[in-house]
Number of protein chains: 2
Amino acid sequence: MTVDRGIVVGLNAVIVALECDRPRVLTVSVPEGTPLEGGTAALDRADGPGSTALPTGPLDPTGDRTLELALRRWVKAWSGLDLGYVEQLYTFGDRFRDPAERQGGPRVISAAYIGLTHQDEPAGASVARWRSIYTFLPWEDGRRGRPPLIDEAIEPALARWVERGQKDRSLRRERASLAFGFGESPWDGERVLERYEILFEMGLVSERGRHGGNAGEQPGGRPPVGPDLGLDMAFDHRRILATALGRIRAKIRYRPVIFELMPETFTLLQLQRAVEALAGVRLHKQNFRRLVDKGGLVEGTGRMDLKTGGRPAELFRFRREVLLERPTPGVGLPGL
Amino acid sequence: MTVDRGIVVGLNAVIVALECDRPRVLTVSVPEGTPLEGGTAALDRADGPGSTALPTGPLDPTGDRTLELALRRWVKAWSGLDLGYVEQLYTFGDRFRDPAERQGGPRVISAAYIGLTHQDEPAGASVARWRSIYTFLPWEDGRRGRPPLIDEAIEPALARWVERGQKDRSLRRERASLAFGFGESPWDGERVLERYEILFEMGLVSERGRHGGNAGEQPGGRPPVGPDLGLDMAFDHRRILATALGRIRAKIRYRPVIFELMPETFTLLQLQRAVEALAGVRLHKQNFRRLVDKGGLVEGTGRMDLKTGGRPAELFRFRREVLLERPTPGVGLPGL
DNA sequence: CCGGTTATACTCAAAACGAGTATTATGGAG
DNA sequence: CTCCATAATACTCGTTTTGAGTATAACCGG
């Protein structure tokens, strides 16, 4: 038991890409017992049974001019990936997010960033792997209708969780309706974090070394019992991923970030599938087309894609000028 | 010259309140030479000539369960203010944001938070003071039309700045149009940070110990010469304030945060003035009323306010239920 | 040349929005 | 007591935007 009770700062990257209509996130394997602040560079030797984590790297306090540049630097050095669009996501600093803190380890503060790329090359380092985002958050993929998981597995557990809340039953009921779209409340794709947090409080998803629920509701540290709610991640990285997905879903509606994930030219259906992949819902095809076209977000190239399986589709490209014309050029989600 | 080249973590608070139609931010006076990481608690003795700063406090790595609770704790302890709504804003970690770093001081990372309150009580500590947000960002207040400052003072300087850009003139021109709404581009109230950053690069606003512009364009560390662009703040706190204002302007459009700043009941004109104060633009009265009323954001109380100066106005209150009904219940800005 | 598949064009009613005019209720000045 | 400045509130109206379609076109494999 060390007595270094200082504060340590790390950087986390949620690197997102699309492979056709599959939204991917770059993950690494970490061996059992890796401390949270250990940079990814130290993970190259990892191969044994461990868990999945987000890439993590250090800040060089005298070398890195900004946090973002530090992130770009070690992502590039470690995976060869040149990130295009990068934005700060959130800074995570809860106590015990690194379980080693319980044994006297330092408080670990992680500034997490989102990076979007369309280079889907497998990263050089062997520990890196692209995985579907919905591997970790399966209830978020509503492209084939409301996931049965919600009404079959989550809803009954939610009902019990609401009952367990002594004084704040109505508060819990309200939170649950709002987050999962029960009753009057509509489903809001952007409330990813709210859903995750409720599942965490219910004990249906766990974070390494911590446990959800009120004290006593669920013994800490053990894997959750109950329905299959996707793959776990090390530390609070699944929470970070949930935060990132919520942010991305919100952002595609008012900034043209979706094009960071697209190739130079694309058909309108490819673009629609990309938006759907991240938003987690199906969209109305004709109205989607109208929105991006009349909204000035894309322009035709005259060239055609002949491999559509049906009538050839025109290839479009992103119209950069739209940034100068409209205040909030997002893609809009014409629901189905 | 010390050799402690570690990393230090601090917390910053942008605490916003409204006094009628004046948007205020809580500031403290710091004496010359205060290090960035020194918590506000240490500032009680400040009274000499110094500069204005945002409240800053420490994270107790073994005592504070979360960053947000740490912030609430020291804001309460130091100013007596009980913050209602709090959200994380951004984490600032650029090198040399604390000038002491040049003399071997540690790299200072600050997690900044926004706090909204309607308690406009003067804070207990004598160093605290409410100041108008537009004292620091005067070009952001467009309530009486486009600020003359922009076309009279900023635009000519921008033109020179664009010319100075050797290779990236068109890039600079584009950034300037986009940020300040020249030519085809509309004014976008939310681009507060983009405007600030251009002014910083131009050398029209400065940050203690740093200088804007490309190397050689402007000697570092000196106060900027040129038109009056508002009051400076210590460190990069004016940048933090700009970030906060941009975030708030964006947020009022899709979350009902404006009500965090309002009293329990209010007239629709008071609500409109509050939104205008933060958004920095005048709104169309009848359409604003239609939006908040038909949007289900408010409900009448039956009681009247007789001190309007004209016909008495009904007092309204926030309809909390709207959160359950609509996905993004913001106020909307029916421009004038 | 037929049916499956996808692209693209076009329609139509409902809702939302921008920009007003009209009317009502106060308090204060003359 | 009337007039008027000041607001509040009600209502209108043409334009866009949106939701939800139908209709038609072009390719492929058999």
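So you know, we letter chains A, B, ... as the sequences are listed, proteins then strands, and number each from 1.
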*Asks:* Output the rounded distance in Å from CZ (B/Arg326) to C1' (C/dA16).
*Replies:*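 Taking atom C1' of C/dA16 as the reference, CZ of B/Arg326 is at 12 Å.
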
*Asks:* Which residues satisfy the salt bridge (charged side-chain N to carboxylate O under 4.0 Å, His left out) test with A/Glu87, sequence neighbours excluded?
*Replies:*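 Salt bridge (charged side-chain N to carboxylate O under 4.0 Å, His left out) list for A/Glu87, sorted by chain: A/Arg247, A/Lys251.
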
*Asks:* B/Lys307 NZ to D/dA8 C1': how many Å, rounded?
*Replies:*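 Roughly 17 Å, once rounded to whole Å.
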
*Asks:* Quick check: closest heavy atoms across A/Arg191 and A/Ala179, and the distance to 0.1 Å?
*Replies:*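 Where A/Arg191 meets A/Ala179 most closely, the heavy atoms are CD-CA, 4.4 Å.
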
*Asks:* Can you list everything that forms a side-chain contact (heavy atoms from CB on, under 4.5 Å) with A/Asp293? Sequence neighbours excluded, please.
*Replies:*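 Listed in chain order: nothing, the list is empty.
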
*Asks:* Starting at atom CZ of B/Arg311, determine the distance to atom C1' of C/dT26, rounded to an integer number of angstrom.
*Replies:*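 Computing the B/Arg311:CZ to C/dT26:C1' distance gives 9 Å.
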
*Asks:* When the nearest nucleotide of DNA chain C is assigned to B/Gly309 and to B/Gly335 on a heavy-atom basis, which residue is associated with the more 5' position?
*Replies:*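 Per heavy-atom nearest nucleotide, the more 5' residue is B/Gly335.
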
*Asks:* Between A/Glu197 and A/Arg175, is the closest basic N to carboxylate O distance under 4.0 Å?
*Replies:*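 Salt bridge: no.
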
*Asks:* Sort out for me which residue in B/Ile248, B/Leu116, B/Val257, B/Asp21 forms a side-chain contact (heavy atoms from CB on, under 4.5 Å) with B/Leu278.
*Replies:*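 Among the candidates, only B/Ile248 passes.
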
*Asks:* Would you mind reading off the distance between B/Asp305 atom CG and D/dA7 atom C1', rounded to a whole angstrom?
*Replies:*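 In whole Å, D/dA7 C1' and B/Asp305 CG are 11 Å from each other.
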
*Asks:* Which of these nucleotides, D/dA7, C/dG18, D/dA25, is closest to any side-chain atom of B/Thr308?
*Replies:*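 Looking only at heavy atoms from C-beta outward on B/Thr308, the closest nucleotide is D/dA7.
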
*Asks:* So if I take residues 312-320 of chain A and measure heavy-atom distances to DNA chain C, which residues fall below 4.0 Å?
*Replies:*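 Residues of residues 312-320 of chain A that come under 4.0 Å of DNA chain C are, in numerical order, A/Pro312, A/Ala313, A/Glu314.
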
*Asks:* Apply salt bridge (charged side-chain N to carboxylate O under 4.0 Å, His left out) to A/Arg317 and list each qualifying residue two or more places apart in sequence or on a separate chain.
*Replies:*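 Applying salt bridge (charged side-chain N to carboxylate O under 4.0 Å, His left out) to A/Arg317 gives A/Glu299.
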
*Asks:* State, to 0.1 Å, how close A/Pro256 and A/Leu323 come at their nearest heavy-atom pair, and which atoms those are.
*Replies:*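 The pair with the smallest heavy-atom distance is CG-CD2, 4.1 Å.
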
*Asks:* Which ones in residues 268-287 of chain B lie close to DNA chain C, meaning a heavy atom under 4.0 Å from one of its atoms?
*Replies:*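 Close to the strand are B/His284, B/Gln286, B/Asn287.
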
*Asks:* What do the steps show when you test A/Arg24 against A/Glu19 for salt bridge (Lys or Arg N to Asp or Glu O under 4.0 Å), and what is the final call?
*Replies:* CA-CA 7 Å; A/Arg24 309 299 201 90; A/Glu19 191 190 329; 2.5 Å; yes

*Asks:* Does B/Arg249 count as lying over the ring of B/Trp187, i.e. NZ or CZ under 6.0 Å from the six-ring centre, within 45 degrees of the axis?
*Replies:*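 Cation-pi check for B/Arg249 and B/Trp187: fails.
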
*Asks:* Can you check the A/Phe266 CZ to C/dA7 P distance for me, whole Å?
*Replies:*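 So the CZ-P distance, A/Phe266 to C/dA7, works out to 14 Å.
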
*Asks:* Under a 4.0 Å heavy-atom cut-off, which of residues 289-300 of chain A touch DNA chain D?
*Replies:*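 Here the set is A/Arg290, A/Leu291.
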
*Asks:* Quick check: are there more than 12 heavy atoms from other residues, nucleotides or ligands sitting under 6.0 Å from CZ of B/Arg146?
*Replies:*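 Result for CZ/B/Arg146: enclosed.
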
*Asks:* Please report the closest heavy-atom contact between A/Pro147 and A/Asp141, naming both atoms and the distance.
*Replies:*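 Closest pair (atom of A/Pro147, atom of A/Asp141, distance): CG-O, 3.4 Å.
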
